[in-house]
Amino acid sequence: WVIRWMPLSIANIRTSRCCPGACRFCAGHKIGGIGVRYHSVEHVIEQISMVVKNYGVEAIHFEDDTIGSDIGRLQMLCQELRKKGFDKLKWDCCLRVDQVDAELLKEMKSSGCIQIEYGFESGSDVALRRLSKNTSVELNRRAVNLTRKAGIRIFADVMFGLPGETEEQFKATIEFLRWARPEIISASCLCPLPGTSIYSELPEETKQNIE
């Protein structure tokens, strides 16, 4: 059930560490450092070969923060999956909405990708700017449309309780979800994590309550 609602035997594999984004709510840089570091495609294929051979897994959950940090590398991985006969192996991953295009999604679909998790976060451009997502509602919608056309399931991450969020912005997120109709929705309240810029702006009394 790691790939939501699909009873598959799955192995988790991480092909890279960290993300090129700098979202104000994310503490990933405190854990993994600045910049994205990669395993080679050859090493990733070796890991996949091992878990398929030894454990007979049916699917791979790529748990990278975003597997699309290097689009050329992702395309190469897709090509190697097909070349090595792993295109019948199902897999899912996370992508940023600004990394998506039709050609890439076609490559991913043809190599076994069945689901993509997107951090849409909000249906409001104002809220997205406050989060320093460097995305937009237009890019969110574009990702939905392209992913639908590619025949890949959508896992939507959204957050509520964002800094300065208004009732109108809250409703905009609801309306976006109604329009997008993702197969999976992960809705959460913003948690100011220590080390993030959102946390650093909180009053000291509030920080103590969180800790």
Side-chain angles (χ1 to χ4, degrees), residues 1-6 8-23 25-121 133-135 139 143 146-147 150-157 182-184 186 193 195:
W1 301 101
V2 173
I3 300 178
R4 302 294 199 271
W5 321 130
M6 301 192 75
L8 299 166
S9 58
I10 293 175
N12 290 35
I13 291 179
R14 180 177 287 272
T15 83
S16 65
R17 190 170 296 279
C18 282
C19 174
C23 302
F25 59 85
C26 182
H29 66 284
K30 300 295 289 186
I31 299 169
I34 303 298
V36 184
R37 299 177 303 288
Y38 305 94
H39 286 307
S40 68
V41 170
E42 291 77 16
H43 180 67
V44 175
I45 294 296
E46 286 176 5
Q47 292 183 75
I48 293 172
S49 299
M50 185 272 290
V51 295
V52 169
K53 178 181 178 180
N54 293 347
Y55 306 107
V57 301
E58 303 167 276
I60 301 294
H61 171 62
F62 289 118
E63 57 180 25
D64 308 46
D65 296 319
T66 171
I67 202 168
S69 298
D70 183 331
I71 298 300
R73 174 179 174 276
L74 176 54
Q75 291 173 326
M76 187 182 302
L77 175 60
C78 292
Q79 292 162 9
E80 285 299 307
L81 286 170
R82 294 195 299 272
K83 181 179 177 181
K84 301 297 184 181
F86 292 131
D87 50 314
K88 299 298 187 291
L89 194 68
K90 298 177 174 64
W91 55 275
D92 79 326
C93 64
C94 294
L95 280 180
R96 282 179 55 91
V97 297
D98 55 359
Q99 295 169 341
V100 178
D101 63 41
E103 181 182 351
L104 176 63
L105 292 175
K106 182 179 179 180
E107 285 271 12
M108 294 170 66
K109 173 73 173 179
S110 67
S111 62
C113 180
I114 60 172
Q115 179 175 288
I116 299 174
E117 182 174 355
Y118 292 111
F120 296 123
E121 315 309 356
K133 279 290 295 185
N134 290 324
T135 59
L139 283 173
L146 289 173
T147 308
I152 300 173
R153 300 197 325 166
I154 296 172
F155 186 136
D157 288 315
E183 282 76 7
I184 310 295
S186 174
L193 299 173

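Counting non-hydrogen atoms of neighbouring residues, nucleotides and ligands closer than 6.0 angstrom, the CH2 atom of Trp5 reaches no more than 12 such neighbours. The local environment of CE in Met76 is sparse, with at most 12 non-hydrogen atoms from other residues, nucleotides or ligands closer than 6.0 Å. The number of heavy atoms from other shown groups lying within 6.0 Å of CD (Glu183) is above 12.
Minimum heavy-atom separation, His39 to Arg14: CD2-O, 3.3 Å. Among all heavy-atom pairs drawn from Thr147 and Ile154, the shortest one is CG2-CG1, 3.7 Å. The minimum heavy-atom distance between Cys18 and Gly33, with the atom names listed, is SG-O, 3.0 Å. Cys23 approaches Arg96 most closely through the heavy-atom pair SG-NH1, 4.3 Å. The shortest non-hydrogen separation linking Cys94 to Asp64 is CB-O, 3.9 Å. Summarising the geometry of Thr66 relative to Gln99, their closest heavy-atom pair is OG1-OE1, 2.6 Å, with the distance given to 0.1 Å.
Of the listed residues (Asp157, Leu139, Val100), just one forms a side chain to side chain contact (heavy atoms under 4.5 Å, CB included) with Tyr118, and that residue is Val100. With Asp92 as reference, His61 is the one residue of Arg4, His61, Arg153 to meet the side-chain hydrogen bond (donor to acceptor under 3.5 Å, both in side chains) rule.
Atom SG in Cys19 sits 13.0 Å away from atom CD1 in Ile67 (nearest 0.5 Å). Between atom CG of residue Leu77 and atom CD of residue Gln79 there is a gap of 9.5 Å, rounded to the nearest 0.5 Å. Expressed to the nearest 0.5 Å, how far CG of Leu105 lies from SG of Cys78 amounts to 9.5 Å. Put simply, CG on Leu89 and CD1 on Ile60 are 5.0 Å apart, with the number rounded to the nearest 0.5 Å. To the nearest 0.5 Å, the span separating CD on Glu107 from CG on Leu81 amounts to 10.5 Å. A distance of 13.0 Å separates CG in Asp87 from SG in Cys113, rounded to the nearest 0.5 Å.
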Side chain to side chain contact (heavy atoms under 4.5 Å, CB included) evaluation trace for Glu117 with Phe62 | CA-CA 11 Å; Glu117 182 174 355; Phe62 289 118; over 6 Å; no
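At a cut-off of 3.5 Å, with distance as the only test, no side-chain donor of Arg73 or Ser16 sits close to an acceptor on the other residue.
Contact of the Lys83 side chain with the Ile45 side chain is not registered, since no non-hydrogen atoms from C-beta on lie closer than 4.5 Å. Residues Val36 and Asp70 have side chains not in contact (no heavy-atom distance under 4.5 Å, counting atoms from C-beta outward). Within the 4.5 Å cutoff, the side chain of Gln47 has no heavy atoms near those of the Val51 side chain. Between Ile116 and Met108, the closest side-chain pair of non-hydrogen atoms falls below 4.5 Å.
With hydrogens and angles disregarded, a donor-acceptor distance shorter than 3.5 Å links the side chain of Trp91 to the backbone of Ser111. Side-chain N or O atoms of Lys109 include one that pairs as donor or acceptor with a backbone N or O of Gly151 at under 3.5 Å.
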